[in-house]
**Q** 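One structure, pasted below without further comment.
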Amino acid sequence: MKHFINILLFIFCSISLRLSLNAQSMKSFFLIMRNTGEYTLWDGNKIRTFGFAENIVSHPLIPGPTIEVNEGDTVKIGAMNFSQGAPHTIHLHGLDVNQENDGVPHLSFAIEHMDTGYYTFIAKHAGNYLYHCHVSSTLHVQMGMYGKIIVKDKHNSKRAWTNGPEYNSEYAWMTSEFDTLWHSDSVLNMDIDHFDSTGHSEIPIPNYNPQYFLINGKSQNQLYDDDIKLQFKANESIYLRLFNIGFLYNEYVFPSILNAKLISSDGRPINNPEYIDTIIAFPGERFGVMLSGSEEDSGLIELRYRNMNTDSIINSQWIPYNIRYFASTTEKLIKTNYAYPNPSKGNININLGYQIEKSRLKEVFIFNIHGQRIFPQIHIDSNKIVIDLSNYKNGNYLIVVDNKSFISSIMR
Ligand SMILES: [Cu+2]
């Protein structure tokens, strides 16, 4: 009955809005909430997840589907809970919504198994927002129940907001972490339906020690995928949207050649934007950064995941960028392994199919499984690059040469 009234109210509201606004449109989305997700991590490990899926038969996406609308739109998000258990909600973080549509369970409504609910709001300000489930939110967010909301400018032009700064292309990075212990059967097979009247979980949750540090659900060599790796032409600009839904805080270190300029914060323009090289994003924060480069260059942006209490760096991920004058044909990531032998007992050879100049050996990047950059001995032997990892531990290493990435293992 409650939902029926919601729908009626919604229809009434949307009719009256259409009459008064007319020019802007209605955008509808439909998400499936699931507790039975499975997600494959960069190293092949599979974990259980909760999350938002595009349909009943597919696994939840990490992050969930992006809600992309234009300023002035009336937005309707429908969600069906197909989760065999726990209720869920959609909390619209940072948006001006009324309490009924806020998705905080005891103030708004929760969507039970096989039930459908609707959230509506007007996208008043172009900017970067996010959504997440607000039931037992620490656990449900950790499990994967989150996604981006992007409100573009009114005219759908390439501007950060209506009449705001222009850009040539855009990227959106949502950061989070996974602690696989939280995704284990021993935690999830407890009675996960219970939450007290304030929406807090009654489940004993383990200490948080994440092992996976994600950008758009990806890490390590996956950061070379097209949705993350920044690629642009010299004298063009990129609008980079940042969203942190993790429990650690993020510190981005931008090389000065990228001319990073912080232009928006939590969905609002910054009045006097300045060039900066470091951006800190606490959990729930969103930022808009304009990047531009006038020279050909390629390198890495360091993203540090820091502990909220101790400030210590728990992990670093390294995000590649590439500025070129012209589109290159040698751009492609070599997925077949040209690193050999693999696994190796110490020396790893990389044959790129062409000679790399000795002066560029300092641009060979090698990372351990924790994302820390390491500096082993490297030399060129005839056409191949030889990396001596004999002083390093057994395990996987990520090697990046000339914008191509290789994963190699050391086993002794
Ligand atoms: Cu939930």
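Counting starts at 1 for both ligands and their atoms, following the listed order. Not measured: the values here are computed from a predicted model.
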**Q** Please name the atom of H88, limited to N, O or S, that comes nearest to the Cu ion (ligand 1).
**A** ND1
**Q** Using a cut-off of strictly less than 2.8 Å, determine whether C133 has an N/O/S atom near the Cu ion (ligand 1).
**A** yes
**Q** Between the side chain of H59 and the main-chain N/O of E38, is any donor-acceptor distance below 3.5 Å?
**A** yes
**Q** Residues in side chain to side chain donor-acceptor pair (under 3.5 Å) with D43, at least two apart?
**A** Y212
**Q** Any chance you could lay out the salt bridge (charged side-chain N to carboxylate O under 4.0 Å, His left out) test for R159 and E71, step after step, and finish with the verdict?
**A** CA-CA 12 Å; R159 289 180 182 274; E71 192 175 281; over 6 Å; no
**Q** Between D185 and R48, does at least one N-O distance fall below 4.0 Å, as a salt bridge requires?
**A** yes
**Q** Determine which of the N, O or S atoms in H140 is closest to the Cu ion (ligand 1) and give its atom name.
**A** ND1
